[in-house]
> 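I'd like to ask some things about the structure below.
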Amino acid sequence: GQQLNQSPQSMFIQEGEDVSMNCTSSSIFNTWLWYKQDPGEGPVLLIALYKAGELTSNGRLTAQFGITRKDSFLNISASIPSDVGIYFCAGRSGNTPLVFGKGTRLSVIA
Amino acid sequence: NAGVTQTPKFRVLKTGQSMTLLCAQDMNHEYMYWYRQDPGMGLRLIHYSVGEGTTAKGEVPDGYNVSRLKKQNFLLGLESAAPSQTSVYFCASCVSGVNTDTQYFGPGTRLTVL
């Protein structure tokens with residue numbers, strides 16, 4: 001089946017620093033999504049990408065749909081304490097259900 | 001709108017007991033999903049439904065059954081719980097159609113099987 005490799009698994013950063021994380025897949029996807037999960041809650045959608053090369057921003061967050069359609073990147077600029085949580089990438093090809101990465105756990109040190 | 005709600009929030013079972021987790025959504029979504037989340041494993045799809053009366057297997061369906069008798073509800077059943085089913089269970093829903101993969105998640109059910 002389809003697999004997503006998400007990296008890094010965890011990050012510890014200073015408040016104000018920029019953050020980058022990425023996902024790669026073993027097959028071509030036509031949709032990439034990025035979710036954030038706060039402790040004790042369900043994931044919430046941050047950004048959705050539907051076209052190769054697409055670059056989309058949501059406040060301090062920017063995500064890109066890789067040209068090869070096998071990867072996606074999420075950047076967070078000027079991190080703040082409330083950015084703490086687990087970030088998941090998710091993707092799909094054709095009519096198959098979404099596949100989720102294993103998550104990147106972000107910790108922000110004030 | 002309440003969005004996606006899950007009942008119960010917490011549950012402790014003994015091995016061999018059965019239970020049903022309820023997911024309800026008030027957004028008139030066609031698609032509904034059940035995931036389990038384990039440390040370091042991300043979200044894994046158990047079963048899903050593309051409409052009332054339909055169900056399909058996901059990545060990890062063994063030991064679980066589901067039913068979608070009403071469009072707004074999606075039930076996940078454990079007939080004989082095992083310790084390996086200790087997990088946090090999330091329900092999600094989304095509309096159908098092109099470029100509508102946005103899934104809305106419930107708050108989760110934390111299940112412990114002793």
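What's counted below: heavy atoms across the whole structure, side chains too, no hydrogens, waters or symmetry copies.
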> Between B/M32 and B/L21, is there a shared hydrophobic cluster once you connect ILVMFWY residues whose side-chain heavy atoms come closer than 4.5 Å?
yes

> Are B/L22 and B/F74 grouped together when hydrophobic residues (ILVMFWY) are joined by side-chain heavy atoms under 4.5 angstrom apart?
no

> Can you tell me if CD on B/E52 sees more than 12 non-hydrogen neighbours from other groups inside 6.0 Å?
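Buried by this count: over 12 neighbours within 6.0 Å.
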
> Check whether B/L45 gets within reach of chain A through its side chain, its backbone, both or neither, counting any heavy atom under 4.5 Å.
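The side chain, not the backbone.
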
> Can you say whether B/Y104 sits under 4.5 Å from chain A via the side chain, the backbone, both, or neither, judging by heavy atoms?
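No part of B/Y104 comes within 4.5 Å of chain A.
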
> Any chance you could measure B/C94, atom SG, to A/L98, atom CG, to the nearest 0.5 Å?
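Between B/C94 SG and A/L98 CG, I get 7.5 Å after rounding to 0.5 Å.
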
> What residue in A/G103, A/A48, A/P43 has the most heavy-atom pairs under 4.5 Å with chain B?
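When all of A/G103, A/A48, A/P43 are compared, A/P43 has the most.
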
> Heavy atoms only, distances under 4.5 angstrom: which of A/R105, A/Q9, A/Q37 has the most pairs with chain B? Name it, please.
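Option with the greatest count: A/Q37.
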
> Which atoms of A/Q6 are under 4.5 Å from chain B, going by heavy atoms: the side chain, the backbone, both sets, or neither?
neither

> Taking a hydrophobic cluster as the set of Ile, Leu, Val, Met, Phe, Trp and Tyr residues connected by side-chain heavy atoms closer than 4.5 Å, whether directly or through intermediates, do A/F73 and A/V99 fall within one such cluster?
no

> Looking only at heavy atoms, what is the nearest atom pair of A/F88 and B/G42, with distance?
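Where A/F88 meets B/G42 most closely, the heavy atoms are CE2-CA, 3.7 Å.
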
> Hydrophobic clusters here meaning ILVMFWY residues chained together by side-chain heavy-atom distances under 4.5 Å, can you tell me if A/L46 and A/I76 are in one?
yes

> Quick check on A/K102: does its NZ atom have over 12 non-hydrogen neighbours (other residues, nucleotides or ligands) under 6.0 Å away?
no

> Using non-hydrogen atoms only, which part of B/E59 is less than 4.5 Å away from chain A: side chain, backbone, both, or neither?
neither

> Kindly compute the distance separating CZ (A/F100) from CZ (B/R44), expressed to the nearest 0.5 Å.
13.5 Å

> Hey, could you give me the CZ/CD distance between B/F105 and A/E41, rounded to the nearest 0.5 Å?
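So the CZ of B/F105 and the CD of A/E41 are separated by 13.5 Å.
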
> Looking at A/Y35 and B/Q103, would you say the former's side chain and the latter's main chain have a donor-acceptor pair under 3.5 Å?
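Judged by distance alone, yes, a pair lies under 3.5 Å.
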
> Can you confirm whether more than 12 heavy atoms, excluding those of A/E17, are under 6.0 Å from its CD atom?
yes

> I need the A/I47 CD1 to B/T102 OG1 distance, nearest 0.5 Å.
12.0 Å

> Does B/L76 belong to the same Ile/Leu/Val/Met/Phe/Trp/Tyr cluster as B/L111, with side-chain heavy atoms less than 4.5 Å apart forming each link?
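Yes, one cluster joins them.
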
